[in-house]
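So the structure is just underneath, and the comments pick up after that.
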Amino acid sequence: MRHTDEEIERAAMRFEQLADALPDDVEFDDVSELRAIAETSEQVRADEARLTEAVAVARAHGHSWNHIATALGVSRQAARQKYADKVA
């Protein structure tokens, strides 16, 4: 389930409120690896959205699936299967 930016921001604000309310003597587990996963995952989603937009622009300007597939480094069929419904 993907969350909107607004939902993520509300959750982050709620987390900050909860963290601020904790006593000073509470010890936390190191979650930096999990934070890195979450940040990277968000970046991948943003990059995928930009890539889909770039494919849509290329198609709108008349570029063939063969040319788009070459730019992506995949087969024509793979490019069409992944993006045809998203850019139509």
Side-chain angles (χ1 to χ4, degrees):
M1 176 179 171
R2 292 188 177 168
H3 298 282
T4 66
D5 289 343
E6 184 178 308
E7 290 172 326
I8 293 169
E9 186 63 32
R10 281 196 315 259
M13 288 172 47
R14 180 71 178 136
F15 174 78
E16 290 297 326
Q17 291 171 346
L18 292 171
D20 289 343
L22 291 173
D24 291 335
D25 61 345
V26 173
E27 292 186 28
F28 295 98
D29 291 334
D30 180 11
V31 295
S32 58
E33 295 90 359
L34 298 176
R35 183 180 301 271
I37 290 169
E39 290 170 354
T40 304
S41 177
E42 180 59 31
Q43 186 62 50
V44 167
R45 283 192 291 276
D47 290 345
E48 184 61 36
R50 283 194 299 277
L51 180 56
T52 299
E53 183 178 341
V55 170
V57 169
R59 288 294 294 157
H61 287 126
H63 292 283
S64 71
W65 284 113
N66 284 336
H67 290 143
I68 292 169
T70 299
L72 291 169
V74 300
S75 70
R76 181 184 62 80
Q77 181 181 3
R80 284 193 67 184
Q81 283 179 341
K82 184 167 185 175
Y83 295 102
D85 290 341
K86 297 176 184 176
V87 302

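Numbering of residues begins at 1 and proceeds along the displayed sequence.
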Listed partners of [X] passing side chain to side chain donor-acceptor pair (under 3.5 Å), at least two apart:
X	answer
Asp5	none
Ser64	His67
Thr70	none

Does [X] have more than 12 heavy atoms from other residues, nucleotides or ligands lying within 6.0 Å of its [atom1]?
X	atom1	answer
Glu6	CD	no
Gln17	CD	yes
Asp20	CG	yes

Give every donor-acceptor pair under 3.5 Å between a side-chain atom in residues 51-60 and any protein atom, sequence neighbours left out.
| residue | atom | partner | partner atom | Å |
| --- | --- | --- | --- | --- |
| Thr52 | OG1 | Glu48 | O | 3.0 |
| Arg59 | NH1 | His63 | O | 2.9 |

- Query: Do the non-hydrogen side-chain atoms of Ile68 and Tyr83 ever get within less than 4.5 Å of each other?
  - Reply: no

- Listed by chain and number, what are the side-chain contact (heavy atoms from CB on, under 4.5 Å) partners of Ser32, not counting sequence neighbours? Asp30

Listed pairs under 3.5 Å, donor-acceptor, residues 34-46 side chains, sequence neighbours left out:
| residue | atom | partner | partner atom | Å |
| --- | --- | --- | --- | --- |
| Thr40 | OG1 | Ala36 | O | 2.8 |
| Ser41 | OG | Arg45 | NH1 | 2.8 |
| Glu42 | OE1 | Arg45 | NH2 | 2.9 |
| Gln43 | NE2 | Asp47 | OD1 | 2.8 |

